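Have a look at the structure below, then the notes.
One-based numbering, in listed order, for ligands and for the atoms of each. Everything quoted here is computed from the prediction, not taken from an experiment.
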Amino acid sequence: MKPRLGVLTSGGDCPGLNAVLRGVALAAEKLNFEVLGFLDGFEGLLPPGNFMVLDRRSTSGIMPRGGTIIGTTNRGHFVAKVGAGDRAVVAENAIEDAKRILQEHRVEALIIVGGDGSMTTALQLQEKGINCIGVPKTIDNDLEATAMTFGFDSAVAAVTDALDRLHTTATSHKRVMVLEVMGRHAGWIALHGGLAGGAHIVLIPEIPFDYDKITEALRTRETKGSIYSLVVVAEGACPRDGQAVMHKIAEGENRFGGIGSVVAAEITARSGKETRCTVLGHLQRGGAPTTLDRILGTRFGVQAVKLASERQFGSMVSYQNYQVRHVPIVDAVNRLRLVPPDSQMVQTARDVEISFGD
Ligand code: F6P
């Protein structure tokens with residue numbers, strides 16, 4: 001009987017997850033493991049155990065597909081994070097159930113593909129004796145422990161495409177077009193997408209903005225003969241003397257979103273310019289992964305299997321200096337990588353006349 005590995009995808013989905021699963025299945029075959037893919041995140045670990053076998057047949061042709069063929073959730077019994085910096089304790093009985101299911105199915109190690117919250121859960125499973133290997137995932141690209149995560153490049157491509165489309169209609173109507181993009185705590189998607197899509201104003205959580213500065217930037221463009229403008233706003237951006245826009249969805253749980261229309265209304269009120277707002281939302285998370293995300297996802301999946309075969313449990317795959325390496329999961333959780341306001345990237349944006357509204 002071959003030894004078995006389990007794998008699950010957890011938290012918000014993103015393009016590139018299927019590339020990871022295919023990488024896991026093929027690398028596992030090479031190293032003589034069988035792979036069970038647990039369905040719908042950690043929930044698949046609950047009795048009676050909900051899984052599918054991942055092998056070359058079941059993973060054939062999945063690389064170009066967005067989402068994850070084994071499903072995911074950011075809800076359920078294993079949620080260990082309810083906000084940035086928070087850590088909730090996963091119920092003892094849920095962990096014991098998961099442990100039993102893994103033992104019953106002879107799963108020696110569990111590969112957990114997820115973001116900061118899922119790694120916080122992974123850590124708790126590891127502490128209770130389940131062998132875990134982490135694979136970092138977030139379109140926001142805001143994990144300190146890895147220079148890059150798959151999904152980010154695809155999200156940036158979606159923002160760039162949206163800006164290209166908004167550009168033509170903005171020009172025809174001589175309007176200001178505001179595009180709200182994802183990024184609760186970090187503005188990487190807004191910054192990279194804004195730069196690639198030729199935005200004129202980029203508002204990110206790391207640089208609080210001032211409405212007067214936005215109006216000033218729009219006027220400056222006008223004096224230089226530009227009759228339209230593109231504004232990118234990260235969902236977590238907030239004015240210098242205000243708060244981020246979010247709404248309560250459950251006790252202790254808030255969802256970001258809505259800053260784009262607030263900014264659009266303020267621009268109209270202060271400048272008289274006709275302004276429209278588009279919220280890109282989950283279009284940034286859907287669809288086929290870019291080439292880069294397929295490659296990164298594959299590399300992460302293969303590395304996770306290698307780490308399992310080397311019994312490097314409690315470690316997370318990490319991308320550093322163009323190499324796929326690993327770090328202890330415990331060092332990876334709760335460490336967000338934010339856009340440094342004085343970084344070269346921000347300066348480059350300023351050098352091509354992007355205003356951050358500051
Ligand atoms: O963490 C990625 C992210 O895309 C955030 O930027 C966004 O706020 C959130 O997930 C939305 O998640 P969902 O709508 O799936 O709960």
Side-chain angles (χ1 to χ4, degrees), residues 8-17 20 40-43 66-68 71-76 78-86 88 112-121 134-146 148-159 162 179-194 202-206 232-238 243-262 278-287 289-290 293 297 332-339:
L8 60 83
T9 50
S10 168
D13 72 341
C14 75
L17 284 169
V20 177
D40 302 331
F42 292 97
E43 297 298 291
T68 160
T72 187
T73 179
N74 47 15
R75 297 270 174 275
F78 293 85
V79 172
K81 205 127 216 208
V82 282
D86 299 339
I112 294 157
V113 191
D116 193 46
S118 308
M119 291 307 137
T120 307
T121 302
V135 174
K137 167 243 57 152
T138 156
I139 63 161
D140 296 345
N141 207 25
D142 58 358
L143 298 182
E144 180 67 47
T146 182
M148 188 143 177
T149 47
F150 58 88
F152 172 65
D153 189 58
S154 304
V156 170
V159 173
L179 180 67
E180 181 182 310
V181 303
M182 283 184 172
R184 288 172 290 183
H185 313 292
W188 296 108
I189 294 177
L191 177 59
H192 283 240
V202 173
L203 307 176
I204 59 175
E206 296 87 341
V232 179
V233 194
E235 60 190 349
C238 69
Q243 284 188 331
V245 180
M246 52 177 92
H247 44 274
K248 190 173 164 181
I249 50 167
E251 207 37 60
E253 200 182 345
N254 294 313
R255 182 173 293 154
F256 283 84
I259 184 71
S261 43
V262 174
T278 303
V279 180
L280 200 52
H282 293 78
L283 291 174
Q284 292 157 96
R285 293 224 314 238
T290 58
D293 285 339
V333 295
N334 262 334
R335 286 176 52 211
L336 283 185
R337 189 166 58 88
L338 304 179
V339 176

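In this structure, the side chains of Arg337 and Asn141 come closer than 4.5 Å at one or more pairs of heavy atoms. Inter-residue side-chain proximity for Phe152 and Thr138 is flagged as unmet; no heavy-atom pair is nearer than 4.5 Å. Between Thr120 and Asn334 the shortest side-chain heavy-atom distance does not fall below 4.5 Å. Counting heavy atoms from C-beta outward, Val79 and Thr121 have side chains that stay 4.5 Å or more apart. At a threshold of 4.5 Å between non-hydrogen side-chain atoms, the residues Phe150 and Leu17 count as touching. Counting heavy atoms from C-beta outward, Phe42 and Ser118 have side chains that approach closer than 4.5 Å. In this structure, the side chains of Val135 and Ile112 stay at 4.5 Å or more apart for every pair of heavy atoms.
Not a single heavy atom of Gly12 sits under 4.0 Å from any atom of ligand 1.
Atom 16 (O) of ligand 1 has as its closest protein heavy atom Asn74 ND2, 3.2 Å. For atom 7 (C) of ligand 1, the nearest non-hydrogen atom of the protein is Glu235 OE2, 3.3 Å. Atom 2 (C) of ligand 1 has Asp140 OD2, 3.4 Å as its closest protein atom, hydrogens excluded (heavy atom only).
Close approach of ligand 1 to Gly183 (heavy-atom distance below 4.0 Å) involves ligand atoms 6 (O). Close contacts of ligand 1 with Ile139, meaning ligand atoms under 4.0 Å from a residue heavy atom, involve 4 (O).
For a threshold of 3.5 Å applied to N or O pairs, the pair formed by Arg184 and ligand 1 contains at least one separation below that value.
Nearest residue to atom 12 (O) of ligand 1 from Arg285, Gln284, Met182, Arg255 is Arg285 (criterion: closest heavy atom). For the residues Lys137, Met246, His282, Arg75, the heavy atom positioned nearest atom 14 (O) of ligand 1 is part of His282.
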